[in-house]
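The next block holds one structure in the form of structure tokens; read it before the comments.
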There are 2 protein chains.
Amino acid sequence: MSRTPHHPTREQIELPMVLDCLSDPIRLAIVYQLAQQERVSSELRCSDFSALSGKSNLAYHFAKLRDCGLMQTRVAGTNRFMRLRREDLEARFPGLLDAVLGSAAKDADRLPLLPECELVEVDRK
Amino acid sequence: MSRTPHHPTREQIELPMVLDCLSDPIRLAIVYQLAQQERVSSELRCSDFSALSGKSNLAYHFAKLRDCGLMQTRVAGTNRFMRLRREDLEARFPGLLDAVLGSAAKDADRLPLLPECELVEVDRK
DNA sequence: TCGATAGTTCAATAAACATTGAACATAGGA
DNA sequence: TCCTATGTTCAATGTTTATTGAACTATCGA
């Protein structure tokens, strides 16, 4: 369990996979929450998303988000810290992530899982 | 068959449905080809996409693209003319369509269905 | 060493999806 | 009026997807 999971290289990131990942409401909410948090700290733990779904379902969505290159997981003890791969996304698909996040923000009240994304106070090593 | 099919209003267009539609390679190619064609004429017929798949499969994808609000179908005789709902998309999700189209153009050589989209000469009523 | 915590993996299930061909509907031209 | 061209709809098929709970693994702290 301690092995750090597989991530695609920047060049391996594919547009259809990224769009498909973002089309799921739970995954969009995860990405949105990561983006919100970016202003404060670039990383969040799995448990910070527990409002969105159960543990095993979240693990499933995290794996998809990793596989498509949207986010990166760093293993530290029993925790996994997630962050958006913003630079890689921007390099591959300029403006795409911001357009999606902006659209999501604009529709936050219509996307059921988004409003629950408050900023999480950060004080962890 | 002459009834013009259902289209969502601008306000009914939903982000997850739009992203899901664009995540399919065939539908992305349809949208891409419509966007290419836009410089010349805003409309294309179903049969202009025959390189992408068979008739009935295309009808299936056209229906999805209509349902999510990405394109509009106008019935004229036995033909259907399709066009991108650019203004509506831009109003709902500013910059999104262009970001996706730009990303697709950048990856055109990696998206198998895109290179076959040449400009179609236009001379129809 | 033991127990609690954090998260993954697996198996099972139901729903959604893409694809195909056949049948159908409609309009236009010979 | 009949034939053809254009597209849609339907049924059937196989695949992928999301979701759930249970079992499992690994790490940390008491």
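Source: prediction; values computed, not measured. Order of the sequence lines sets the chain letters (A, B, ...), proteins ahead of strands, with each chain counted from 1. All heavy atoms count here, side chains included; hydrogens, waters and symmetry mates do not.
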Could you give all pairs that pass the salt bridge (charged side-chain N to carboxylate O under 4.0 Å, His left out) test and reach residues 13-23 of chain A, with sequence neighbours left out?
Glu14(A)-Arg110(B)
Does a side-chain N or O of [X] approach OP1 or OP2 of [N] to a distance below 4.0 Å, or not?
| X | N | answer |
| --- | --- | --- |
| His61(B) | dT19(C) | yes |
| Arg45(B) | dA5(D) | no |
| Asn79(A) | dG7(C) | yes |
| Ser47(B) | dA5(D) | no |

How long is the line joining [atom1] of [X] and [atom2] of [N], in whole Å?
| X | N | atom1 | atom2 | answer |
| --- | --- | --- | --- | --- |
| Leu44(B) | dG7(D) | CG | P | 11 Å |
| Phe81(B) | dT8(D) | CZ | P | 13 Å |
| Leu52(B) | dA18(C) | CG | C1' | 15 Å |
| Glu43(A) | dG7(C) | CD | P | 13 Å |
| Phe49(A) | dA6(C) | CZ | C1' | 14 Å |
| Leu28(B) | dA18(C) | CG | C1' | 16 Å |
| Asp48(B) | dA5(D) | CG | P | 17 Å |

Which parts of residues 63-72 of chain B get close to DNA chain C, meaning a heavy atom less than 4.0 angstrom away?
Lys64(B)
When every non-hydrogen atom of Ala29(A) is compared with those of Leu114(A), the smallest separation belongs to CA-CD1, 3.5 Å
Under 3.5 Å, side chain of [X] to main-chain N/O of [Y], donor-acceptor pair present?
| X | Y | value |
| --- | --- | --- |
| Gln33(B) | Asp48(B) | yes |
| Arg27(A) | Leu22(A) | no |
| Glu43(B) | Gln37(B) | no |
| His61(B) | Ala59(B) | no |

For residues 87-96 of chain B, the side-chain hydrogen bond (donor to acceptor under 3.5 Å, both in side chains) pairs (sequence neighbours left out) are Asp107(A)-Arg92(B), Arg10(B)-Asp88(B), Arg83(B)-Glu87(B), Arg85(B)-Asp88(B)
Could you check which residues of residues 16-24 of chain B get a heavy atom under 4.0 Å from DNA chain D? Sort them by number, please.
none
Partners meeting side chain to side chain donor-acceptor pair (under 3.5 Å) with [X] (sequence neighbours left out):
| X | value |
| --- | --- |
| Asp67(A) | none |
| Thr73(B) | Arg66(B) |
| Asp24(A) | none |

Among dT5(C), dT6(D), dG7(C), find the nucleotide with the atom closest to the side chain of Arg80(A).
dG7(C)
Mind checking what makes salt bridge (Lys or Arg N to Asp or Glu O under 4.0 Å) contact with Arg86(B), not counting sequence neighbours?
Glu38(B), Asp98(B)
Is there any protein nitrogen or oxygen under 3.5 Å from a nitrogen or oxygen in nucleotides 20-24 of chain D, and what are the pairs?
residue : atom : partner  : partner atom : Å
dG21(D) : N7   : Ser56(A) : OG           : 3.3
dG21(D) : O6   : Ser56(A) : OG           : 3.2

Contacts of Phe62(B) meeting ring-ring contact (aromatic ring centres under 6.0 Å, His included) (sequence neighbours excluded), chain-then-number -> Phe49(B)
CD1 of Ile30(B) to CG of Leu44(B): how many Å apart, nearest 0.5 Å?
10.5 Å
N/O donor-acceptor pairs under 3.5 Å from side chains in residues 51-58 of chain B, not counting sequence neighbours:
residue  : atom : partner  : partner atom : Å
Ser53(B) : OG   : Asn57(B) : OD1          : 2.7

To the nearest 10°, let me know how far the axis at one end of the helix from dT1(C)-dA30(D) to dA30(C)-dT1(D) is tilted from the axis at the other, five pairs an end.
10°
